[in-house]
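Index from 1, following the sequence. None of the values given here were measured: they were computed from a predicted structure. Both ligands and their constituent atoms are indexed starting at 1 by order of listing.
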Amino acid sequence: MRESKIKPVGSATLTYNNKSYELPAFSGTEGPEVLDIRKLYGDADVFTYDPGFTSTASCESDITFIDGDKGILLYRGYSIDQLAEHSNFLEVCYLLLHGELPSKAEMAKFDKAITFHTMVHEQLAQFFRGFRRDAHPMAVMCGVVGALSAFYHDSTDINDRRQREIASHRLIAKMPTLAAMAYKYSMGQPFVYPLNTLGYTENFLRMTFSVPAEEYKVNPVLAKALDTIFILHADHEQNASTSTVRLAGSSGANPFACIAAGIACLWGPAHGGANEAALKMLEEIGTVDRIPEYVKKAKDPDDNFRLSGFGHRVYKNYDPRAKAMQIQCHKVLDEIGHHDDPTLKIAVALEKIALEDDYFVQRKLYPNIDFYSGITLRALGFPTSMFTALFALARTVGWIAQWKEMLEDPHQKIGRPRQIYTGKQQRDYTPLTKR
Ligand code: ACO
């Protein structure tokens, strides 16, 4: 069990219905202090109201910290910029799961454990064949990942530490295989088995883009770019899909079912689907001279058009992931000889115009990670329908780390919010003959 690290820092007094209640205050290591309202309902018979959880900390967590005003994102204390520049996705997986960077021996052991689990049960290929060929990859991923619990019963006991660990390794290892299979199935091409001499991301690229009739060589620049994109998406504290995973897990559901719930939530356009919208918008703008027209539309209070890939609920500064994504975008386009990509030109020009415009400055609207990710993923060869599946692949480690942390938290309870009921008051049933 994990020990609580929150520190008492005083209290606040709430006066309600002429009575006073002391609310203890706590601090963590970074970020705002919190008021503890756990006993409020019992003591004062009143709920708090916070739809969307904009002012509510739902848990204590050691994993990821975001300072939205300063544009800072830390995984276990390390800045996303340093990790994107110097680390690799598998090392970041270890860091998120275990809290520290691995030693050489620990890294080798972890790498082996993940690589050992990259294959999926052969019967899963039959399971895929039950889907229509034109099914959206995210629809397939929701189904297939949920079905893993039917294939791997021996790692579904959440009270067994070793089973939890095996399930974690299986999920991280099999997500690339499953995402590549979803792509292959939609293309009508044969599934490609993993090749354990390759690294995590190289293996995924090969399973996705190789065909048995041709030799396939992984391009190291493109593999490095995709690996960095995975790092940028690996975790983002208590976002909607992560909170979904925690809520599903709070009932004791098995890890495969919990991650399938996270995938379902991620699929929504307000969460994992924005990169596709940003790419579509840039393509629709078409030429740099049309940018002012779109900026004008975005600023018009009577027009609900928004610049996709701009603004963020938490970041009121440049999204640090967007900076790293922009670097990768340029590298990928240079590598494939598309440095004159018209969509990139429009993105760069649009970003410059928007960042100098009072409307965007006053509202603290900056590019978010999705602004450049669509261009980059398309240049890497992925169809737009795969964008969110790639996000799910990368976010799986964050979901697992958060799920594992929740299970080890002694304060963990089943998630059960309350409500303000505004429906009918109690009334008597009228039989059908009298209505
Ligand atoms: N373009 C133009 N105006 C915008 C934009 C935008 N992209 N985003 C916010 N605004 C304006 C709003 O119209 C509002 O203006 P007002 O005060 O005059 O009414 C103000 O900025 C505040 O906007 P809210 O919607 O209150 O901000 P919120 O924090 O709730 O929304 C969100 C954040 C949903 C991301 C929003 O900025 C948006 O819709 N962006 C475009 C979609 C997008 O890129 N989503 C990806 C997010 S990153 C991710 O999920 C991985």
Problem - ring-ring contact (aromatic ring centres under 6.0 Å, His included) contacts in which one or both residues fall within residues 310-331, not counting sequence neighbours - result: His236-His312, His236-Tyr315, Phe310-Phe360, Phe310-Phe371, His312-Tyr315
Any idea which of [options] brings a heavy atom closest to [atom]?
atom                    : options                        : value
atom 11 (C) of ligand 1 : Tyr359, Tyr366, Tyr315, Phe310 : Tyr359
atom 29 (O) of ligand 1 : Lys364, His236, Arg313         : Arg313
atom 21 (O) of ligand 1 : Lys316, His312, Lys297, Arg363 : Arg363
atom 42 (C) of ligand 1 : Ala240, Ala277, Gly309         : Gly309

Exercise for the section: Report yes or no: does a heavy atom of Phe371 sit under 4.0 Å from some atom of ligand 1? Expected result: no
Practice task
Answer yes or no: does an N/O atom from Arg321 fall short of 3.5 Å to an N/O atom of ligand 1?
Solution key: no
Handout entry: Pair Lys316 + Asp69: basic N to acidic O under 4.0 Å
Key = no
Handout entry: Test: Glu165 and Arg161 ion pair at under 4.0 Å
Key = no
Exercise for the section: Classify the ring geometry between His121 and Tyr152 as parallel (under 30°), tilted (30 to 60°) or perpendicular (over 60°). Expected result: perpendicular
Exercise for the section: Classify the angle between the aromatic ring planes of Phe110 and Tyr94 as parallel (below 30°), tilted (30 to 60°) or perpendicular (above 60°). Expected result: perpendicular
Fill in the blank from the handout: Which of Val397, Leu83, Leu226 passes side chain to side chain contact (heavy atoms under 4.5 Å, CB included) with Phe89? It is Val397
Problem - Side chains of Ser27 and Glu33, donor plus acceptor under 3.5 Å - result: no
Practice task
Specify whether the nearest protein heavy atom to atom 26 (O) of ligand 1 is under 4.0 angstrom away.
Solution key: no
Which residue and atom name correspond to the protein heavy atom nearest [atom], and how close is it?
atom                    : answer
atom 7 (N) of ligand 1  : Leu307 O, 2.7 Å
atom 36 (C) of ligand 1 : Arg306 NH1, 3.3 Å
atom 49 (C) of ligand 1 : Asp370 OD2, 3.5 Å
atom 45 (N) of ligand 1 : Ala274 CB, 3.6 Å
atom 47 (C) of ligand 1 : Asn368 ND2, 3.6 Å
atom 10 (N) of ligand 1 : Leu365 CD1, 3.6 Å

Exercise for the section: Only pairs at least two apart or in different chains count here, so list each side chain to side chain donor-acceptor pair (under 3.5 Å) that has a residue in residues 246-258. Expected result: Gln238-Arg246, Arg246-Gln402, Arg246-Glu405
Fill in the blank from the handout: Numbered in order shown, the ligand 1 atoms found under 4.0 Å of a heavy atom of Ala298 are 2 (C)
